[in-house]
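Each residue takes its place number in the sequence, starting with 1.
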Amino acid sequence: MSLKTLMRTGAAAMAALVAALVTSTTASAQTAIRVGAPVNGTLSASDRVMEVDGSNYDCYILSTRSGQSYTIDLTSNDFDTFIGMGPGRACQPPVEQTNDDVGEDNTNSRLTFTSTGGDYFILANSYEAGETGAYRLIVTERGSSTSTAQVPNLTRPSEAAERYDFDLTCAAFGTLGMLDLMQEEMSDAELQKLISDNYILLTNAEQSGAAVGKSADDVQNEIAGVAVELVDDPETMDLLPPVATRAACLAASGL
């Protein structure tokens, strides 16, 4: 059954995918953030403090490609957000760009910048001192969708056929997400982790496929078929960005 058919008929595996993804991360002094993978964080009184106004902030490091434009969105229902960013890994002012409010009636923050290459730091900040609470931060490349902000965590189905559909689809997203991630600069260790994680998604599909009578060759051919359908279906790719959906699939697999 095709991915598009699965989505439209509401089969359990794809319902979980369309329901989609939240990647939750506890911020530290420097936390890496990847394009398309939303981060849930919390500002607290124990976080770093801006000398200029006493407000708290968390710092994230983004690896970028020269000439590529990126959009940073910081949203919160608990406080008035404020973004600062700049080149390097300093995690402190001075910053290159800032944004307070998206619009007159929207206290969430957004800014877009074009990279000159290398790492950039992003400060997830409150507008005033003493403002704390939960927030969501996501970075997208220009033209990418931020629809992952609408999606919850995934759970692998227990029923054999539904699990296979789920694992098959996750393996296809894993392949496409890996190809996207490999466009970024990464160390040998990061590349090895990328390949290792994708192997887990493939193994899941082969094991659940075997449970419904599929050979390993059948599974791999069907993964390739689903991946081709995804590439030819930009609406689905906007709804389920490959990098973020791959991350959700890995989380559902216990990684």
Side-chain angles (χ1 to χ4, degrees), residues 3 6-7 13-28 30-42 58 60-65 68 70-75 119 122 124 134-141 143-157 163 165-187 189-205 208 223 226-227 230-231 233 236-255:
L3 175 69
L6 284 171
M7 291 181 65
M14 283 310 300
L17 284 178
V18 173
L21 151 77
V22 169
T23 300
S24 182
T25 300
T26 301
S28 61
Q30 288 188 350
T31 302
I33 185 169
R34 288 190 177 277
V35 172
V39 171
N40 286 344
T42 302
D58 289 331
Y60 296 85
I61 303 299
L62 175 70
S63 295
T64 68
R65 302 196 306 273
Q68 175 66 52
Y70 299 87
T71 296
I72 306 168
D73 282 283
L74 178 63
T75 61
D119 292 337
I122 300 169
Y135 64 82
R136 175 173 292 165
L137 179 70
I138 185 169
V139 180
T140 55
E141 292 184 350
S144 299
S145 169
T146 61
S147 61
T148 52
Q150 307 300 318
V151 203
N153 293 318
L154 305 184
T155 302
R156 292 177 75 200
R163 173 165 284 208
D165 286 337
F166 181 93
D167 289 342
L168 177 71
T169 306
C170 276
F173 273 110
T175 299
L176 298 176
M178 183 175 72
L179 292 175
D180 283 352
L181 290 169
M182 288 177 69
Q183 296 179 38
E184 304 175 13
E185 293 185 7
M186 61 179 61
S187 67
E190 289 174 327
L191 178 59
Q192 184 59 45
K193 180 67 163 56
L194 198 65
I195 295 170
S196 176
D197 287 349
N198 261 55
Y199 182 74
I200 289 173
L201 295 179
L202 173 60
T203 300
N204 286 346
S208 58
I223 291 170
V226 172
L230 283 168
V231 171
D233 189 347
T236 298
M237 294 283 272
D238 282 344
L239 179 65
L240 300 171
V243 172
T245 307
R246 174 183 182 273
C249 288
L250 290 168
S253 299
L255 298 181

Least distance between heavy atoms, [X] atom then [Y] atom:
X	Y	value
D167	R156	OD2-NH2, 2.6 Å
G177	P242	N-CB, 3.6 Å
F166	T155	CE1-O, 3.9 Å
L176	A227	CD1-O, 4.1 Å
G41	Y60	CA-OH, 4.4 Å

Quick one: are [X] and [Y] in side-chain contact, heavy atoms under 4.5 Å?
X	Y	result
L181	V243	yes
V139	I122	yes
L201	L250	yes
I223	L202	yes
R136	V39	no
E141	T71	no
I61	T31	no
D197	R246	yes

Mind checking the [atom1]-[atom2] spacing from [X] to [Y]? Nearest 0.5 Å is all I need.
X	Y	atom1	atom2	value
L62	R34	CG	CZ	10.0 Å
C249	N198	SG	CG	10.0 Å
I33	I138	CD1	CD1	7.5 Å
C170	I200	SG	CD1	12.5 Å

Side-chain donor-acceptor contact under 3.5 Å, S253 with N204: yes
- Query: Is it the case that Y135 and D58 place a side-chain donor and acceptor less than 3.5 Å from each other?
  - Reply: yes
inquiry  = Set out, in order, the CA-CA distance, both residues' side-chain angles and the distance that settles side-chain contact (heavy atoms from CB on, under 4.5 Å) for L230 and F173, then state yes or no.
reply    = CA-CA 8 Å; L230 283 168; F173 273 110; 3.6 Å; yes
Between [X] and [Y], is there a donor-acceptor pair closer than 3.5 Å when you use the side chain of the first and the backbone of the second?
X	Y	result
R163	P157	yes
Y199	L194	no
T169	D165	yes

Apply side-chain contact (heavy atoms from CB on, under 4.5 Å) to residues D73 and L137 and explain how you reach the verdict. CA-CA 6 Å; D73 282 283; L137 179 70; over 6 Å; no
